[in-house]
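The structure appears below as structure tokens.
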Amino acid sequence: MDARLNLFGNQIAARFLRHINSAGKAVSDSALPAATQELVKIRASQINGCGFCTDMHTKDAAHAGETSVRLNLIAAWREATVFTDAERAALELTEQGTRIADAAGGVTDEAWANAAKYYDEDQLAALVSLIALINAYNRLNVIVQQPAGDYQPGMFG
């Protein structure tokens, strides 16, 4: 299976990706815990049906030491006992922020207040930015039907 468009070979797409990758560096360098960042990326990617990003981020998380139990339970996080309260708050914010079109009110005050109990203002800024960023990546990859399965941790530097 080939992608509809080579995002890495097209000059405009490659320039765009460089810019959003730079935005991603602000988040990855933040105080938002790395494990939480991966959980957020995986959950949004699952919701959006982005195989490429789900493949990438589950492999990156496993490579960083995340357990298979936690990785396998991300989609069912509400019923799982393996996530901290802070991670659960981040996952709830991720789901609501990813499903904006499905919810008349967008992100609820309750979800925001719950996340604010566990994350300071800078971490919240990183979390919101990450949710927006992974949704952008998911949309790019879903639109072009970027194939999944061949990603190797670290292959993008």
Side-chain angles (χ1 to χ4, degrees), residues 1-30 32-64 66 68 70-80 83 86-108 111-112 114-115 119 123-157:
M1 178 175 158
D2 291 325
R4 292 173 169 161
L5 175 69
N6 182 348
L7 294 174
F8 309 106
N10 177 278
Q11 183 179 6
I12 292 172
R15 189 170 40 199
F16 179 76
L17 286 170
R18 277 194 301 278
H19 287 290
I20 65 172
N21 288 342
S22 293
K25 182 122 174 66
V27 175
S28 63
D29 290 347
S30 75
L32 185 65
T36 302
Q37 290 184 41
E38 289 302 324
L39 295 175
V40 165
K41 290 183 267 190
I42 293 164
R43 186 63 190 126
S45 299
Q46 290 171 334
I47 292 167
N48 289 323
C50 183
F52 184 81
C53 290
T54 302
D55 180 43
M56 174 189 289
H57 297 298
T58 55
K59 287 176 179 174
D60 283 347
H63 185 73
E66 188 60 79
S68 60
R70 283 171 45 95
L71 290 173
N72 291 330
L73 288 172
I74 293 170
W77 65 268
R78 283 180 179 79
E79 294 81 24
F83 301 106
E87 290 168 338
R88 296 168 72 73
L91 288 165
E92 178 65 30
L93 194 65
T94 299
E95 286 193 3
Q96 289 190 22
T98 298
R99 293 183 165 137
I100 289 174
D102 300 338
V107 174
T108 65
W112 181 262
N114 192 34
Y119 302 103
Q123 290 172 317
L124 284 170
L127 182 56
V128 169
S129 298
L130 179 58
I131 294 166
L133 183 65
I134 192 60
N135 273 278
Y137 280 119
N138 291 164
R139 280 152 177 75
L140 282 168
N141 289 311
V142 169
I143 290 168
V144 303
Q145 295 183 343
Q146 190 67 36
D150 294 331
Y151 177 79
Q152 296 299 314
M155 71 184 270
F156 292 125

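Values below: all heavy atoms of this structure, side chains included; hydrogens, waters and symmetry mates excluded. Heads up: numbering here begins at 1 and tracks the sequence.
The two atoms that bring A3 and Q146 nearest to each other are CB-OE1, 3.6 Å, heavy atoms only. Between L73 and F83, the closest heavy-atom pair is O-CE1, 3.8 Å. The two atoms that bring P33 and Q123 nearest to each other are CD-NE2, 4.1 Å, heavy atoms only. Between P147 and F52, the shortest heavy-atom distance links the atoms O-CD1, 3.1 Å.
Paired with N48 under the rule side chain to side chain donor-acceptor pair (under 3.5 Å), one option of N141, T98, N135 passes, and it is N135. Considering I47, D55, I74 as possible partners of I42, the one that fulfils the side-chain contact (heavy atoms from CB on, under 4.5 Å) test is I74.
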* Passes side-chain contact (heavy atoms from CB on, under 4.5 Å), N21 versus Y137? Steps please. -> CA-CA 10 Å; N21 288 342; Y137 280 119; 2.3 Å; yes
* **side-chain contact (heavy atoms from CB on, under 4.5 Å) between E92 and N114, worked out** => CA-CA 9 Å; E92 178 65 30; N114 192 34; 5.7 Å; no
* Audit row: H57, L39, side-chain contact (heavy atoms from CB on, under 4.5 Å) steps and yes/no -> CA-CA 8 Å; H57 297 298; L39 295 175; over 6 Å; no
* To do: Decide yes or no on side-chain contact (heavy atoms from CB on, under 4.5 Å) for F16 and L7, but give the supporting numbers first.
  => CA-CA 9 Å; F16 179 76; L7 294 174; over 6 Å; no
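For the atom pair CG (D2) and CZ (R4), the distance works out to 12.5 Å, reported to the nearest 0.5 Å. Here the straight-line distance linking atom CG of L127 with atom OG1 of T36 works out to 8.5 Å at 0.5 Å rounding.
Pairs passing the salt bridge (Lys or Arg N to Asp or Glu O under 4.0 Å) check and including a residue from residues 40-54, sequence neighbours excluded, read E38-K41, R43-E95. Listed by first and then second residue, the salt bridge (Lys or Arg N to Asp or Glu O under 4.0 Å) pairs involving residues 147-157 amount to none (not counting sequence neighbours).
D60 is linked by a salt bridge (charged side-chain N to carboxylate O under 4.0 Å, His left out) to nothing, counting only residues two or more places apart in sequence or in another chain. Residues satisfying the side chain to side chain donor-acceptor pair (under 3.5 Å) test with T108, not counting sequence neighbours, are Q96. Partners of D29 by salt bridge (charged side-chain N to carboxylate O under 4.0 Å, His left out), not counting sequence neighbours, listed by chain and number: K25. Here R139 pairs with nothing under the salt bridge (charged side-chain N to carboxylate O under 4.0 Å, His left out) rule; sequence neighbours left out. Remark: N10 pairs with no residue by the side chain to side chain donor-acceptor pair (under 3.5 Å) rule, at least two apart or across chains. Listed by chain and residue number, F156 satisfy the ring pair (Phe, Tyr, Trp, His ring centres under 6.0 Å) test with Y151 (two or more places apart in sequence, or in another chain). With sequence neighbours excluded, the residues satisfying salt bridge (charged side-chain N to carboxylate O under 4.0 Å, His left out) with R70 are E66, E87. Residues satisfying the side chain to side chain contact (heavy atoms under 4.5 Å, CB included) criterion with A14, sequence neighbours excluded, are R18. With sequence neighbours excluded, the residues satisfying side chain to side chain donor-acceptor pair (under 3.5 Å) with S45 are N138. Under the side chain to side chain contact (heavy atoms under 4.5 Å, CB included) criterion, N6 pairs with F8, sequence neighbours left out.
The closest side-chain heavy-atom distance from Q37 to S28 is below 4.5 Å. In this structure, L93 and Y119 have side chains that are not in contact, with every pair of non-hydrogen atoms separated by 4.5 Å or more. Between L140 and L17 the shortest side-chain heavy-atom distance falls below 4.5 Å.
Here the side chain of T54 pairs a donor or acceptor atom with the backbone of C50 at under 3.5 angstrom.
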